[in-house]
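Atoms within a ligand are numbered from 1 in the order they appear, just like the ligands themselves. Please read these numbers as outputs of a predicted model, since none were measured by experiment.
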Amino acid sequence: MASKRPDGIERYDAPAGGWGALKAVAESLSRQQIVAQGAATLLKVNQPDGFDCPGCAWPDPRHTSSFEFCENGAKAVTWESTAKRLTPSFFASHTLTELWDWHDHELENQGRLTHPLIYDSSLDTYVEIQWDAAFRIIAAALNELPEPDMAEFYTSGRASNEAAFLFQLFVRAYGTNNFPDCSNMCHEATSVGLPQSIGVGKGTVTLEDFDHADAIFSFGHNPGTNHPRMMTTLREAAKRGVPIVVFNPLKERALERFASPQSAVEMATLSSTEIASAYHQVRPGGDVAVLKGMMKRIFQRDRQDIDNGGSGLLDRSFIAEHTDGIDALQADIDATAWEDVEAISGLTQKAIESAGDVYLKASNVILCYGMGITQHRNGTSNVQQIANFLMLRGNIGRQGAGICPLRGHSNVQGDRTVGITEAPSAALLDGMERAFGFRPVAGKGHNAVEAIEAIQDGRSKALICLGGNLAVAMSDPEATFAGMRKLDLAVHLTTKLNRSHLLTAKTLILLPVLGRTDSDVQATGPQSVTVEDSMSMVHASRGFLKPPSEEVRSEPAVIAGIAKATLGSRHAIAWDAMIENYDRIRDKIEVVFPDFHDFNARIRQPGGFRLSIPASNRDWRTPARKAQFLVTASLDEDPQLSDPDLLTLTTIRSHDQYNTTIYGMDDRYRGVFGRRDVIFLNSDDLASRGLADGDILDVEAARNAAEIDDRRRLVRRLTAIAYNIPRGSAAGYYPEMNGLIALSHYDRRSGTPGFKSIPIRIRLATAPDGGRV
Ligand SMILES: Nc1nc2c(c(=O)[nH]1)N[C@H]1C(S)=C(S)[C@@H](COP(=O)(O)OP(=O)(O)OC[C@H]3O[C@@H](n4cnc5c(=O)[nH]c(N)nc54)[C@H](O)[C@@H]3O)O[C@H]1N2
Ligand SMILES: Nc1nc2c(c(=O)[nH]1)N[C@H]1C(S)=C(S)[C@@H](COP(=O)(O)OP(=O)(O)OC[C@H]3O[C@@H](n4cnc5c(=O)[nH]c(N)nc54)[C@H](O)[C@@H]3O)O[C@H]1N2
Ligand SMILES: [Mo]
């Protein structure tokens, strides 16, 4: 490996994984001071009697396998099970004003919170409070609001099914549907787009399907960092000779080659496996163009085949029996010009046709996608074009084929399943009435963007967060921070301190909760919770570590405490009984959602069970009872980009972070060390502006473009890295770049922010006095 430059930038030539991954785990264990119990903790990850990894939502081989090593899973586990403690005495010597200037990494790195805390404005810091007093204060503030709709209830996707279910029960009993959720910033385009296409907002494949696939397409996800256990699956497929076609603006190392820490041979011989058979560096926002280009090739070769006396290459019996809308789709694709496809995708017709040919050659195709698809102003359409592409040859609802959205948080899918939604269906309301004897309010509440808008405008006065770091994860931090500081009440159920907790509302309370790795003992003994992975497998998770302090409570217990205090005698809900034994929560989940029948019995089977995904069996729950080919008129995800001086910025995760949690300052596979204040640019884009690699740049977001207002949004002093990225585009780290994103820059159909296509300008940084540096 080349030596590091003084500024911490270098070329990384090795494969992903390998010894570097093992070394990183050892370092993470020692940094979190848990060498002694750490190794034992890691051995319980994803085991039948252990806890579900709080890292990603990729499934396990039935949660029955031997230990599967994963560097970033290990980081997630050690970060939570750290020996470091953040006690009330810490706040005695630090004001929130002082802490505001700390780095996000430093805030969380203080360790696990041990006591409930309330902000004391006379001291400008947190002081300890008793649980019951905290519940009373929260209840009073909520009950003082003129309308329940003036409160927002946020969920981050690490919450268990049991916690999320109780949270939505409490909030619905309180009387609002304001459920902003991390999913609104993540896979909402999937949750909105896929039901219209195939009748269900989830993926249709299981892990086993990968064993039967004979082509895999990968759009806009970085599994080496964000779903590392997926690398085992991709590596096995590559070894079998299955073509893996990647569309990603960046050459992500793990998608190029991967050395499996599970493979003794690869580790001993320093060898690796080539993953992608073809790697297409699409421009950010060029995915619809690529998909339409491939469909153009498919239709063209289909016609050719028929002209030559063949029976065509489309799956005509599937299309006739199972779908509507093929003619409109074909008309749209025919009307799409190759010049436009090339201009917008940044790829040649030949490259896209070759990818289409891989698709045509395969009997069973799986398409995997992540945030590169969903976080665009037309993310919902992107997802629907993916469904179209697969359906042309019946690649949904049979073995070895299907759609595979890579979910984010380890239980983000489950939280949705058990009722965290701002738009409750009639079935959900019926179920709640069946289980609890009251009918919750109907109508649509706020999603994440709408919640922030309401908070900024002063229409919402209270915010309760079940985990997460909403203010930092969202667009437009300046406006969001200001809005949150105007709240009457902010409450955070949390394991660690983060920046959202420093936004001083009139009443501000931190409630420390147990994490996945902690043992959770209630009146009837140790409890398990359940989670649902990306492939709809539900299974139990049980922590075993001693909690950070006697005072820390489980999320379900804290929610029940707030609910009892707030609702008083308003609804006859047996909160205490449910907390004594979580089986009783699951019994209620089963009443509300019949798909969870025999819930308690089925999670006691090794590996748990799979929720039904009707589309996996070609049962289409659309109004027409058929899968729908859906047309999107435009090819262009970034219509504001007519100005040639603008670049499209995409925001990405480094290898050393979990969303807003920054484990460390390195991004090993991209060759960035000790820093995050960088921007990746094409060297021609730099040169054409008289700039060079290593220059310090100021980055400004476009104003008055598309739905963007005229506010100035600036991120200063980023070091330019000349990088292998398509011309006209740029990449930078989330959340540092969020200051460039207008809250109004989101997909109108799903509410998902356009985090992957932000129009920006770059220039040499100016000194504070406006001069050049
Ligand atoms: N270790 C770790 N694991 C995680 C997380 C984490 O932060 N750290 N986060 C979790 C969460 S909540 C989520 S949602 C997932 C996120 O997992 P990913 O979806 O992999 O997340 P991103 O880092 O946003 O990466 C998006 C990828 O898309 C590419 N890309 C960017 N723009 C475009 C585009 O317009 N088109 C295409 N085709 N590609 C594009 C980027 O280069 C990058 O490789 O991971 C989950 N797992
Ligand atoms: N620019 C840009 N912005 C993005 C994205 C992007 O790609 N680009 N991605 C978006 C996506 S996909 C997502 S999912 C969101 C993430 O948004 P969030 O889910 O809100 O953010 P996280 O950073 O995952 O939340 C981390 C915090 O969760 C708390 N926490 C950790 N474990 C637990 C637990 O067990 N219980 C409780 N109660 N709290 C816990 C800790 O306080 C920690 O600081 O960000 C979005 N924002
Ligand atoms: Mo996410």
Who are the salt bridge (charged side-chain N to carboxylate O under 4.0 Å, His left out) partners of Asp476, not counting sequence neighbours? Arg711, Arg713
State whether the side chain of Asn411 and the backbone N or O of Ala159 hold a donor-acceptor pair below 3.5 Å, judged by distance alone. yes
Look up atom CD in Glu736 and atom CG in Asp677, then write down how far apart they are to the nearest 0.5 Å. 8.5 Å
Aromatic ring centroids of Tyr369 and His187 under 6.0 Å? yes
Amino acids contacting ligand 1, non-hydrogen cut-off under 4.0 Å: Cys56, Asn72, Cys186, Gly220, His221, Asn222, Thr225, Asn226, His227, Phe247, Asn248, Pro249, Leu250, Glu252, Val282, Pro284, Gly285, Asp287, Gly370, Met371, Gly372, His376, Gly408, His409, Thr650, Ile652, Arg653, Gln657, Tyr658, Asn659, Lys756
Determine whether a donor-acceptor pair (N or O, by modelled atom type, separation under 3.5 Å) exists between the side chain of Ser757 and the backbone of Thr650. no
Ile741 heavy atoms, cut-off 4.0 Å: which ligand 2 atoms fall inside? 1 (N)
May I ask you to check if ligand 2 and Leu497 share an N or O to N or O distance below 3.5 Å? no
Considering non-hydrogen atoms only, spot the tightest contact between Ile758 and His745 and give its length. CA-NE2, 4.2 Å
Does any N or O of ligand 2 fall below 3.5 Å from an N or O anywhere on Glu108, backbone included? yes
Check each heavy atom of Arg516 against ligand 2 and say whether those closer than 4.0 Å belong to the side chain, the backbone, both or neither. neither
Could you tell me, atom by atom, which parts of ligand 2 come under 4.0 Å of a heavy atom of Leu493? 37 (C), 38 (N), 39 (N)
Within 4.0 Å of some non-hydrogen atom of Gly467, the atoms of ligand 2 are 37 (C), 38 (N), 39 (N)
Ligand-residue contact atoms, ligand 2 with Asn738, heavy atoms, under 4.0 Å: 1 (N), 2 (C), 3 (N)
With rounding to the nearest 0.5 angstrom, report the OH to OG1 distance, Tyr582 to Thr530. 11.5 Å
Hey, are Glu108 and Thr661 close enough side-chain-wise for a donor-acceptor pair under 3.5 Å? yes
With heavy atoms of Val513 as the reference, note each atom of ligand 2 found under 4.0 Å away. 36 (N), 37 (C), 38 (N)
Would you find a donor on one side and an acceptor on the other, under 3.5 Å apart, between the side chain of Gln168 and the backbone of Phe165? yes
Is Met474 touching ligand 2 with its side chain, its backbone, both, or neither, if touching means heavy atoms under 4.0 Å apart? neither
Check this for me, if you would: do Arg112 and Asp518 make a salt bridge, where the nitrogen-to-carboxylate-oxygen distance has to be below 4.0 angstrom? yes
Going by atom types alone, do Lys202 and Thr417 pair a side-chain donor with an acceptor below 3.5 Å? yes
Close-contact set for ligand 2 against Glu555 heavy atoms, below 4.0 Å: 34 (C), 36 (N), 37 (C), 38 (N)
Atoms of ligand 2, numbered as shown, that sit under 4.0 Å from any heavy atom of Tyr154: 17 (O), 18 (P), 19 (O), 20 (O)
